[in-house]
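Since the model is a prediction, treat every value here as computed from it, not as a measurement. The basis for the numbers below is simple: all heavy atoms, side chains too, and nothing from hydrogens, waters or symmetry mates.
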Amino acid sequence: ASFGRAFHQQRLGLLDFPELCDRAGLEAIELNDFCLKGDWEVIRGLKRRSLKHGLGVCAVAVESDFYRVSSAEVERERAHLEEYLEIAFFLGAPLLRVVTCPYGKNLPKSIIPDGVTAERAFAAAVATFRALMPAAEGSGITFALENHGGISRTSADQLRVAEAVG
């Protein structure tokens, strides 16, 4: 189940999430970057409360977007993923769920920046994932590529990315 809407509408506090999941009989939770916001006070609080309620953190999910115009923007995506690798390691999550664009299954041409092609996004994603693989491996974290659209929309797309990353 997803509680994203409840978090956004402030009907559920993020720090109350572990207790709710424990009462529901769950064994683990997944946390998303859009909720954590890189806030280490919240992250430490979630870890304490998850441990208190006997919950593991099965994954940390990160929204990324490789349909970027400049190398500086791609570097910000890499830095964001690197930050969340550290957060996943701290939380004990074995998976970092990653996406290649936040736009969903069908990319409307109107929201892709001028001059950015799928091949350019593919190259940026592959280079970024390759650069982060040593840190992920050293931390015991596996990247799980989601099919949220763009260059990783189909199973063939996902295989192409995985094979290019190596």
Side-chain angles (χ1 to χ4, degrees), residues 1-69 72-108 110-113 121 124-125 128-129 131-153 158 161:
S2 174
F3 294 91
R5 203 170 293 135
F7 294 138
H8 283 297
Q9 295 171 352
Q10 298 180 344
R11 290 183 289 123
L12 176 63
L14 193 54
L15 292 174
D16 299 323
F17 184 53
E19 182 181 354
L20 176 69
C21 291
D22 181 27
R23 286 196 324 247
L26 300 178
E27 296 178 5
I29 58 176
E30 176 182 283
L31 300 168
N32 295 60
D33 66 338
F34 67 82
C35 291
L36 297 174
K37 299 177 182 163
D39 183 335
W40 279 96
E41 185 177 330
V42 169
I43 293 163
R44 284 189 294 275
L46 279 167
K47 182 172 183 171
R48 278 191 305 276
R49 289 174 186 222
S50 295
L51 289 169
K52 176 183 174 184
H53 290 283
L55 295 169
V57 178
C58 60
V60 172
V62 181
E63 294 289 327
S64 25
D65 179 4
F66 291 100
Y67 283 80
R68 297 297 188 180
V69 174
E73 290 173 319
V74 173
E75 174 56 25
R76 279 193 296 277
E77 295 295 336
R78 189 208 57 75
H80 185 70
L81 284 168
E82 185 173 45
E83 174 188 16
Y84 275 87
L85 262 174
E86 294 170 14
I87 291 168
F89 180 74
F90 175 78
L91 292 169
L95 291 176
L96 188 71
R97 287 194 313 115
V98 298
V99 299
T100 58
C101 76
Y103 303 125
K105 303 270 186 244
N106 299 307
L107 277 177
S110 62
I111 60 176
I112 298 173
T128 299
F129 296 154
L132 294 173
M133 283 301 115
E137 289 172 4
S139 299
I141 296 172
T142 301
F143 276 32
L145 181 61
E146 295 192 57
N147 63 339
H148 281 229
I151 62 167
S152 59
R153 186 177 63 83
Q158 291 199 329
V161 170

Next on the checklist: Could you check whether any side-chain N or O of Tyr84 sits under 3.5 Å from a backbone N or O of Asn32, counting only pairs where one atom can act as donor and the other as acceptor?
Outcome noted: no

Checklist entry - Closest heavy-atom contact between Ile141 and Ala93? => result CG1-O, 3.6 Å

Next on the checklist: Just so I know, are the side chains of Ser139 and Leu85 near enough to count as touching, which here means a heavy-atom distance under 4.5 Å?
Outcome noted: no

Next on the checklist: Ignoring hydrogens, what is the shortest heavy-atom contact between Leu15 and Pro18? Give both atom names and the distance.
Outcome noted: O-CD, 3.5 Å

Item to check | Atom pair NE2 (His148) and CZ (Arg153), whose distance is rounded to the nearest 0.5 Å | outcome: 13.5 Å

Checklist entry - Taking atom OH of Tyr67 and atom CD of Glu73, what is their separation to the nearest 0.5 Å? => result 14.5 Å

Item to check | More than 12 heavy atoms of other groups within 6.0 Å of Glu41 CD | outcome: no

Checklist entry - Knowing that exactly one of Val99, Val98, Thr100 qualifies, which makes a side chain to side chain contact (heavy atoms under 4.5 Å, CB included) with Ser152? => result Thr100

Checklist entry - Passes side-chain contact (heavy atoms from CB on, under 4.5 Å), Leu46 versus Leu36? Steps please. => result CA-CA 9 Å; Leu46 279 167; Leu36 297 174; 3.4 Å; yes

Item to check | Atom pair CD (Gln158) and CD1 (Ile151), whose distance is rounded to the nearest 0.5 Å | outcome: 10.0 Å

Checklist entry - Can you list every ring pair (Phe, Tyr, Trp, His ring centres under 6.0 Å) pair that touches residues 35-54, not counting sequence neighbours? => result Trp40-Phe90

Next on the checklist: With heavy-atom distances below 4.5 Å as the criterion, would you say the side chains of Arg49 and Leu55 are in contact?
Outcome noted: no

Item to check | Minimum heavy-atom distance between Gly149 and Cys101, given as atom pair plus value | outcome: C-SG, 3.6 Å

Next on the checklist: Using modelled atom types and a 3.5 Å cut-off, is there a donor and acceptor pairing between side-chain atoms of Glu77 and backbone atoms of Asp65?
Outcome noted: yes

Next on the checklist: To the closest 0.5 Å, what do you measure between CG (Asp22) and CG (Leu26)?
Outcome noted: 8.5 Å

Checklist entry - Got a donor-acceptor contact below 3.5 angstrom from the Glu30 side chain to the Ala61 backbone? => result no

Item to check | Any Leu96 side-chain heavy atom under 4.5 Å of Leu132 side chain | outcome: no

Next on the checklist: side-chain contact (heavy atoms from CB on, under 4.5 Å), that's the test. Do Val60 and Asp33 meet it? Break it down for me.
Outcome noted: CA-CA 7 Å; Val60 172; Asp33 66 338; 5.7 Å; no

Checklist entry - To the nearest 0.5 Å, how far apart are CG in Leu91 and CD1 in Ile29? => result 8.0 Å

Checklist entry - How far does CZ of Arg97 sit from CD of Glu63, to the nearest 0.5 angstrom? => result 8.5 Å

